[in-house]
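Working notes, beginning with the structure itself.
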Amino acid sequence: MLELDGLVRHFDDTIALDRLSFTVPRGQVFGFLGPNGAGKSTAMRAVMRLTALDAGQVRWDGATYDLDTCRGFGYMPEERGLYPTMRVAEHLQYLARLHGLTTAAARQRAAEWLARLGLSERAQDKVEALSLGNQQRVQLAAALVHEPQLLVLDEPFSGLDPVGVDELAGVLRERARAGAAVLFSSHQLDLVEQLCESVAIVHRGRCVASGTVRELGRTGARRVEVEVTGDPDARWAAALHGVRVLGTEHGRARLVLGDGVDPQQVLAAAITAGPVEHFAVCSRRLSEVFREAVGRPLEDVQGGVPR
Amino acid sequence: MIERRSVLLVADRELRQQLASKAMWLSLAIGVVAICLLVVLPKTLAGGPPTYRVAVTGQPDPAVRASIAAAAATAGARVEVFAVPDRAAAETALRSGDGDRHADIAVLQQGAGAVLVDRAFAAGSTQRKPRVVAAIAHDLAVLNAVRQSGLTAEQATAAVNPAPLAVDHLRPAPGSDAGRLTAFAGSALFFLLVMRHGFALLTGVAQEKSTRVVELLLSTIRPVDLLAGKVLAAVGLVLVEAALLTATALISARAVGSEILHGGGAGLIVTEGVWVVLGLVLYAALFAAAGAMAVRTEEAQSVGMPLQIPLFLGYFASVSALGADKANTAVTVLAYVPFTAPMNMPMLSATGGAGAAAVAVSMVLTAVTAVAATWLAAAIFRRSILHTGQRMRLGALLREHRSRAAAA
């Protein structure tokens with residue numbers, strides 16, 4: 001289990017991490033969310049011991065760790081870093097050996113991962129000869145080649161085509177099933193919602209929400225989704241007291257119910273407006289959780305599930 | 001302490017990358033060709049000492065032939081003496097072009113004797129031929145004077161060609177031209193290799209930093225191991241390259257019988273090798289640290305600029321001592337300054353300005369400075385390699401290093 005406990009990091013007058021805390025259990029794919037400049041990359045670099053902390057601790061399986069332990073982690077930095085003139089297979093073998101593998105094991109694992117990612121035929125090409133998508137695959141292979149127990153991936157999905165996204169999602173799930181803790185950052189909230197069991201949302205260096213995707217969805221004001229034939233814009237709902245129309249999608253309106261508003265009253269109002277094709281009480285989407293969490297003043301939030 | 005496995009892995013990658021680089025092989029090939037040309041061309045173009053054809057009227061006796069040959073030798077020339085019947089024939093020979101009947105100088109034996117040339121020499125000429133002619137005229141005059149004193153032909157010959165007196169000395173020779181040339185060759189080689197490999201290190205580190213490869217590396221190894229691996233690879237490559245270029249110079253010099261490297265015995269080559277290693281360790285870590293300070297690859301060259309100053313200073317000082325019998329003040333001082341000693345102490349030594357003890361002192365000074373510079377470079381490298389954003393000034397880096405070291 002990875003624990004970030006009260007991390008503080010200043011850069012001159014800017015505070016990048018402000019008592020940031022959350023936990024990533026083994027066996028889970030964990031989403032790390034936040035607006036640009038929120039401190040995600042700094043936190044990930046702190047996990048990989050690449051930036052000094054002014055305060056706080058990062059623990060793995062209950063203890064702080066040294067470089068030897070860190071060598072067993074897999075890391076993909078936000079700005080992709082590979083030697084452009086090195087050959088793909090040679091590059092992977094080099095990184096695998098730096099992670100502690102023997103020459104023979106490094107060669108074997110590099111070949112396996114290249115085959116898995118469909119890059120076997122490009123093994124002897126220079127990295128710079130690959131497309132950006134394929135370079136990203138090599139970067140992913142570099143993070144996975146030593147089968148790490150903790151994967152720390154900064155924006156791993158950015159720049160990937162849909163096939164690449166599915167491929168990467170499959171790999172992350174597989175690593176989690178094998179018992180690894182997988183922490184990744186992303187701005188693709190729908191993808192994170194599908195892929196992750198838990199997330200942490202960071203804003204201005206502080207954790208403003210964390211927990212399972214299900215828990216976070218259940219908190220806050222209730223939502224209903226209604227489809228009334230002939231009224232795709234949900235004009236009927238505009239007049240309802242304590243009800244706010246969040247938006248419409250495929251003819252269905254998504255409504256936020258204020259305190260004390262009964263969903264049955266809303267259903268009754270919908271029926272009076274026309275034939276109701278669909279009515280469901282539903283959870284907050286992750287994108288809604290995110291917008292609400294980062295939109296609120298910091299004084300209103302604290303670590304953990306938002307109040 | 002450095003971690004051996006990580007250091008060797010880094011060094012291995014660096015070596016492979018360099019060996020796979022066309023630029024490296026091209027520059028090595030250019031170096032080999034340039035050295036061959038430098039050794040072979042002067043020998044080929046200069047040839048041996050010039051030979052002058054000397055026509056002598058009448059029948060020149062052995063004493064005359066010996067005097068003409070000895071006089072020419074003192075002026076750095078050889079002669080081919082042949083007989084002509086009279087002055088008219090001698091003049092014809094002087095005026096004729098190349099060929100068996102041509103003469104460069106004529107000796108007239110009739111009467112008091114005279115030396116004849118086709119065209120008068122310009123006043124104050126520094127050419128070799130006027131010196132040869134003057135020497136022949138002088139020596140034949142001495143021979144005539146001795147003969148007129150009543151000695152036999154054998155006595156006269158012995159009197160004008162005596163065995164020279166022994167020449168003794170109070171102090172040893174200041175060093176031969178060949179010794180200075182060898183020392184200069186070492187300085188030039190050091191300068192070129194450090195400049196090339198130093199800047200290769202500088203840009204390599206700056207690229208690793210700007211492409212963020214360094215984040216992958218430093219999540220598995222310590223900065224000091226990364227630095228040590230890079231320096232190790234650079235030193236290894238430079239030694240192999242220096243050995244290859246030295247061997248090229250020695251083999252080509254032997255092939256054409258050049259004296260250009262006769263000043264360098266095995267001892268001097270080993271000493272030069274030690275200087276190359278010491279100097280490279282001193283510079284390599286600092287070049288790498290400069291690369292780590294650069295925020296962008298394009299900025300690396302300007303960050304490394306201050307390191308070029310002592311290199312150029314040392315190189316030009318050694319050039320200035322090349323043609324002098326005694327080392328000048330600049331070479332004498334710079335031979336003890338660690339950043340310039342690898343280029344100037346061999347020159348000072350070759351000109352007789354420094355004995356074995358002085359060389360040892362300078363080497364120790366350079367070695368101690370190399371250790372201190374490596375420590376400093378490691379501190380700078382550690383603080384700056386992961387630093388992004390605006391470039392940190394050297395003072396700020398060192399202050400931060402000291403405050404963190406104190407806190408630890």
Side-chain angles (χ1 to χ4, degrees), chain A residues 11-12 14 16 41-42 44-52 54 65-87 90-103 106 126-128 135 138-139 141-143 145-146 148 150-152 154, chain B residues 1-3 5-24 200 203-205 207-226 229-230 295-297 382-390 392 396 400-401 403-405 407-408:
Chain A
F11 293 111
D12 299 325
T14 311
S41 294
T42 305
M44 290 180 147
R45 294 173 90 237
V47 172
M48 298 309 295
R49 295 167 48 90
L50 294 171
T51 190
D54 298 315
Y65 49 85
D66 59 9
L67 185 65
D68 279 339
T69 304
C70 195
R71 199 171 282 150
F73 300 164
Y75 177 52
M76 182 193 264
E78 182 186 8
E79 291 180 61
R80 310 301 180 221
L82 294 170
Y83 290 109
T85 56
M86 253 181 125
R87 299 193 187 282
E90 188 187 8
H91 205 317
L92 281 184
Q93 289 164 24
Y94 173 59
L95 292 172
R97 293 190 68 197
L98 285 178
H99 280 291
L101 266 59
T102 62
T103 311
K126 287 183 178 172
V127 169
E128 64 190 356
Q135 286 188 27
V138 176
Q139 190 93 47
V145 70
H146 54 297
L150 171 64
L151 258 177
V152 178
D154 201 350
Chain B
M1 283 296 288
I2 57 169
E3 197 174 273
R5 184 177 186 274
S6 305
V7 172
L8 291 179
L9 275 173
V10 172
D12 179 57
R13 196 207 76 82
E14 294 285 327
L15 283 173
R16 282 169 194 271
Q17 178 171 300
Q18 286 290 323
L19 294 178
S21 139
K22 284 183 190 140
M24 190 252 172
T203 48
V205 170
Q207 275 169 0
E208 279 177 355
K209 181 177 174 179
S210 66
T211 59
R212 298 289 196 275
V213 180
V214 76
E215 292 204 358
L216 287 185
L217 305 180
L218 295 184
S219 63
T220 60
I221 59 173
R222 296 174 309 161
V224 69
D225 296 331
L226 179 61
K230 286 176 168 295
V295 173
R296 294 183 309 277
T297 310
R382 199 164 44 237
R383 297 300 318 140
S384 51
I385 189 70
L386 288 168
H387 176 81
T388 51
Q390 207 172 7
M392 286 176 86
E400 189 171 347
H401 176 71
S403 62
R404 281 181 185 270

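Numbers restart at 1 for each chain; the letters A, B, ... are given by sequence-line order, proteins then strands.
Looking only at side-chain heavy atoms (C-beta outward), A:Leu95 and B:Leu217 come within less than 4.5 Å of each other. Using a 4.5 Å heavy-atom cutoff, the side chains of B:Glu3 and A:Leu67 are not in contact. A 4.5 Å side-chain heavy-atom check between B:Gln207 and A:Tyr83 finds every atom pair outside the cut-off. B:Arg5 places a side-chain heavy atom less than 4.5 Å from the side chain of A:Arg97. In this structure, the side chains of B:Leu216 and A:Pro77 come closer than 4.5 Å at one or more pairs of heavy atoms.
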Inset, instruction - Take B:Ser6 and A:Arg71, measure what side-chain contact (heavy atoms from CB on, under 4.5 Å) needs, and give me the verdict at the end. - result: CA-CA 11 Å; B:Ser6 305; A:Arg71 199 171 282 150; 4.3 Å; yes
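Taken to the nearest 0.5 Å, the CG atom of B:Asp12 stands 9.0 Å off from the OG1 atom of A:Thr103. Atom CD1 of B:Ile221 is separated from atom SG of A:Cys70 by 12.0 Å, given to the nearest 0.5 angstrom. B:Arg13 contributes atom CZ, which lies 8.5 Å from atom CD of A:Glu90 (distance to the nearest 0.5 angstrom).
Residue contact with chain B, scored on non-hydrogen atoms closer than 4.5 Å, involves the backbone and the side chain of A:Leu50 alike. Neither the backbone nor the side chain of A:Glu78 comes within contact range of chain B, judged by heavy atoms closer than 4.5 Å.
Figure legend: B:Arg16 and A:Tyr94 shown without cation-pi pairing, the cationic atom not lying both under 6.0 angstrom from the six-membered ring centre and within 45 degrees of its axis.
Taking every heavy atom of both residues into account, A:Thr85 and B:Gln17 meet most closely at OG1-OE1, 4.3 Å.
Classification of B:Glu215 and A:Arg49 as a salt-bridged pair fails, no side-chain N sitting under 4.0 Å from a carboxylate O.
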